[in-house]
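Structure record follows, encoded as structure tokens.
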Amino acid sequence: MGRQRSRAAVVSTLVALAGVVVTMSIAASLDHRETLAGDARMDRNATVAAAAISSETRRYLDTLRTTAAAAGAQEALTATEYSAITQPLRTMKLAGATSIAFLVPVPDGTAARVQQRWRERGVPDLELVEHGPGDRVYSIFGTSLDGLPAPGGVDLMLAEAPAATLTESRRTGQPSVSAPYQLIIDRVLPADRRQNSFVLTAPVYTGAGQTFTGWIMLGVRGQNFMGATMAAAGQGLLDMSLTATSRTDRTETTVAALRAATPGLRDVHRTISVPVADGTWTLRLAAHAASLSGAHTDLPLVVGAGGLALTLLLTALIWVLATDRERAHARVRGTTAELRAGEAESQRQTDLLRTVLDGISDGVTVAGPDGRFLLVNPAARRIVGRRDADGGMGTWQAHYGFFRLDGATPFPDDELPLARALGGENCDHVEIVVRNEAYPEGRVISVSARPIETASGRRGAVAVFHDITARKHAETELRGFAGVVAHDLKAPLTAVRGYAELVAECLEGLAEGYKATEEWAGRKGQPAFLDRALRSADKVIGGADRMQRLITELLDYTAARDATLRIEEVDLRALVDDVVAARADAPPGTESAPELAIGPLPWVRGDPVLLRQVLDNLIGNAIKYTAADERPRITITARVDGRGEALIRVADRGIGIPEGEHAAVFDSFHRAGNGVAVPGTGLGLAICRRIVERHGGHIEAEPHEGGGTVFAFTVWTAPKDSSDNPPLSIDPDVHPAGSSR
């Protein structure tokens, strides 16, 4: 018995030692992995921050180059032309930008002559005061971008930093950035409100020989310029400072700085060089390691404590079994091996899942059958800006601040993708606006959700979402640019068409005069060169008309997406009558006059101008896409469900849409391949979809029994009584289409 106890003691001691060693090794390995994860996260944050700052500075440089090229393209730049060139910059909201000015070199002793030249070009009050001998550089035209005056006649050679960048820009022929310095207007502010500024300068060349004319200079306040970009890149976790080195004395000056709100010692640091124009700025980042996702958690401690507890349990179990029966040894060894294997596999799976979920940038949530969250990764909490909701799905909208894309209509809890997935429905790329205390300006996220089976066999759901706010902002800027371009193209197109009509009239008059000459007397027709010239003029007029239609629809498309919604109670019947009266312009009794049947239509909540455009496009398409030998027949009806959502249907008997293209017709520039040559740009239905979705509804198309197409869209009703809105049937042989009820 003593030998058995001694043997048991030896075995128990060995098991205890082995358990402690294995447990401590696993805990140390986990701690090392978390340290590596923190370093990797810091490296990613540093790369992202540097890329964001580089992207923002490139945008300003591109703006500067474009403005310089536009100024150089003018034969003789005037104040009016410069104002037109820089006008779009006022709407671009360039953060930190103070003004953009056109500068010219003034050789010694020529100030009066230069002053007179630019007075004649639109600056009658220009005064060029010579502050000393030598060549000078003066501002001629200035456009304010921050609301403060941007006077001309300022001698830039009096300020060391701008003077140096002007010299460097002219020497290299490329944009140049100055060392940071304080504006005179900032030096009188309190110390805590002062910030350094810098200027970006680009040379201006004119003519085929690329003659140097002057410079375009953009002034920027550093903290205002980079503050928002650094805050977004740092995500509230990083201290960031951006410095520039002087070309003369190599001293470093701060451009912008940001202090994170997270407490603790900054024990992780990174330094990155960021190229800006012809200079290089230095970005320094610091963070508290514990604030980095996945860097320091309680997992090693938990694993160590659990391993020690398991080791103690195994030691006691071995002691009991070893002192009872000899055959227990084999069973203990088997059990120990299984436990270790299970522990190792469980630890591996836990590490893998935690590493994946903590490392990805997309948010992931898993909800149980009752709508309570079973798993939420750090990215999910960061994207929505709130901790997990304590209640079920009925609390999600109020807790997180979910809204439809208009930013004002609350997103119903039962229509959220995760709630629909709990009901067994797959959801893809649903766009939701998140607005709460963390994101008062709102963020746009894209959510996809799928139903899953839980371990108990009951239905759960998983949702994956990511932040698409930056993409939406980029799309908005691009659409705004397209709108500006479209507006600017209208005037020259009108001029082209007018000149083409004038040419056509002159050619017709020339043809009449030529026929009256003795040389052409008695001949039929007119000279071939006049026929060719008239056909060419007609082609120019036709092309200008097509381009005008395209520009108009591009502007409508931009307005449908970006125009501010003016929500009010709208009589849908009145809108339909107005559209019908404007569209049905054929004389009564002709084959082209449409037959219309209009059922009772409700009052709805929406923007009357945009809703009228939807109805106008749908009714106009129904008339346009009807065979030439048939009379258009259109039926407009509505149905309201118990939630107050109205389904509006516009059915026609036209040529229809080919099978498989009913969803694609709502894409931009898509035209159905129905073999009918009807003029159009393919934007009408895309505009309809944009407007309907901004009102919180959806639109779709389906075949109409017996031929034609049915377009149906939803919109929310208003608390108005529509019982005084009787059905209407219009026979074009009796009443003109669009006549009053």
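A distance of 6.5 Å separates CZ in F713 from CG in L618, rounded to the nearest 0.5 Å. Distance check, rounded to the nearest 0.5 Å: CG of L89 to OG1 of T66 gives 9.0 Å. For the atom pair CZ (R90) and OG (S83), the distance works out to 5.0 Å, reported to the nearest 0.5 Å. Rounded to the nearest 0.5 Å, atoms CD1 (I699) and CZ (F711) are 7.5 Å apart. With rounding to the nearest 0.5 angstrom, the CG atom of L610 is 10.5 Å from the CD1 atom of I687. Rounded to the nearest 0.5 angstrom, R694 CZ and I567 CD1 are separated by 8.5 Å.
Closest approach of I383 to H466, counting heavy atoms only: CD1-CA, 4.0 Å. Heavy-atom minimum distance, I272 versus A50: CG2-CB, 3.9 Å. Nearest heavy-atom pair, A97 versus L218, reported as atom, atom and distance to 0.1 Å: CB-CD1, 4.3 Å. The two atoms that bring R59 and L94 nearest to each other are NH1-CD2, 3.7 Å, heavy atoms only. Residue W716 comes nearest to H695 through the heavy atom pair CD1-O, 3.9 Å, listed as atom of the first residue, atom of the second, then distance. Across R435 and F403, no two heavy atoms sit closer than the pair NH2-CZ, 3.5 Å.
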Can you list the steps and then say if V199 with V220 is a side-chain contact (heavy atoms from CB on, under 4.5 Å)? CA-CA 6 Å; V199 295; V220 184; over 6 Å; no
Please assess I53 against L242 for the test side-chain contact (heavy atoms from CB on, under 4.5 Å), listing each intermediate value before the final yes or no. CA-CA 9 Å; I53 292 172; L242 190 63; 4.1 Å; yes
What verdict does the side-chain contact (heavy atoms from CB on, under 4.5 Å) test give for V462 and V364, after you've listed the backbone C-alpha separation in whole Å, the side-chain angles of each residue and the deciding distance to 0.1 Å? CA-CA 7 Å; V462 59; V364 179; 4.3 Å; yes
Could you walk me through whether Q87 and T143 satisfy the side-chain contact (heavy atoms from CB on, under 4.5 Å) test, starting with their C-alpha distance in whole Å, then the side-chain angles of each, then the deciding distance to 0.1 Å, before giving a yes or no? CA-CA 8 Å; Q87 177 63 32; T143 297; over 6 Å; no
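Between T717 and E645 the shortest side-chain heavy-atom distance does not fall below 4.5 Å. Side chains of T86 and P88 form no contact here, defined as non-hydrogen atoms less than 4.5 Å apart. Within the 4.5 Å cutoff, no side-chain heavy atoms of V444 are placed close to those of I432. The side-chain heavy atoms of V434 and N436, taken from C-beta on, include a pair separated by under 4.5 Å. Residues T282 and T271 form a side-chain contact, since some pair of their non-hydrogen atoms from C-beta on lies under 4.5 Å apart. Counting heavy atoms from C-beta outward, V430 and L416 have side chains that stay 4.5 Å or more apart. For the pair L685 and N617, the minimum side-chain heavy-atom distance is 4.5 Å or more.
Listed by chain and residue number, Y60, F198 satisfy the ring pair (Phe, Tyr, Trp, His ring centres under 6.0 Å) test with F225 (two or more places apart in sequence, or in another chain). Under the rule for a side chain to side chain contact (heavy atoms under 4.5 Å, CB included), the partners of A463 that lie at least two apart in sequence or sit in another chain are T365, L418, V447, A449. Taking D43 as the reference, R270 meet the side chain to side chain contact (heavy atoms under 4.5 Å, CB included) condition, with sequence neighbours excluded. For R420, the salt bridge (charged side-chain N to carboxylate O under 4.0 Å, His left out) partners two or more places apart in sequence, or in a different chain, are E425. The salt bridge (charged side-chain N to carboxylate O under 4.0 Å, His left out) check on R58 picks up nothing, with sequence neighbours excluded. For T67, there are no side-chain hydrogen bond (donor to acceptor under 3.5 Å, both in side chains) partners at least two apart in sequence or on another chain. In this structure P175 satisfies the side chain to side chain contact (heavy atoms under 4.5 Å, CB included) test together with L61, R65, A202, sequence neighbours excluded. Residues passing the side-chain hydrogen bond (donor to acceptor under 3.5 Å, both in side chains) test with S178: none are found, sequence neighbours excluded. Legend: residues meeting side-chain hydrogen bond (donor to acceptor under 3.5 Å, both in side chains) with T409, ordered by chain and number and at least two apart, are D406. The side chain to side chain contact (heavy atoms under 4.5 Å, CB included) search around Q195 returns D186, R221, Q223, N224, not counting sequence neighbours. Residues satisfying the ring pair (Phe, Tyr, Trp, His ring centres under 6.0 Å) test with F402, not counting sequence neighbours, are Y400. In this structure E415 satisfies the salt bridge (charged side-chain N to carboxylate O under 4.0 Å, His left out) test together with R404, R643, sequence neighbours excluded.
In this structure, the side chain of T165 does not engage the main chain of P162 through any donor-acceptor pair within 3.5 Å. D467 contributes no side-chain N or O that, together with a main-chain N or O of I445, makes up a donor-acceptor pair within less than 3.5 Å. At distances below 3.5 Å, at least one donor-acceptor pair connects side-chain atoms of N377 with backbone N or O atoms of D362. Proximity of a side-chain donor or acceptor of S197 to a complementary backbone N or O of Q182 within less than 3.5 Å is not detected. Between the side chain of T243 and the backbone N or O of T253 there is no donor-acceptor pair closer than 3.5 Å.
Under 4.0 Å is where a charged nitrogen must lie from a carboxylate oxygen, and between R284 and E252 at least one such pair does.
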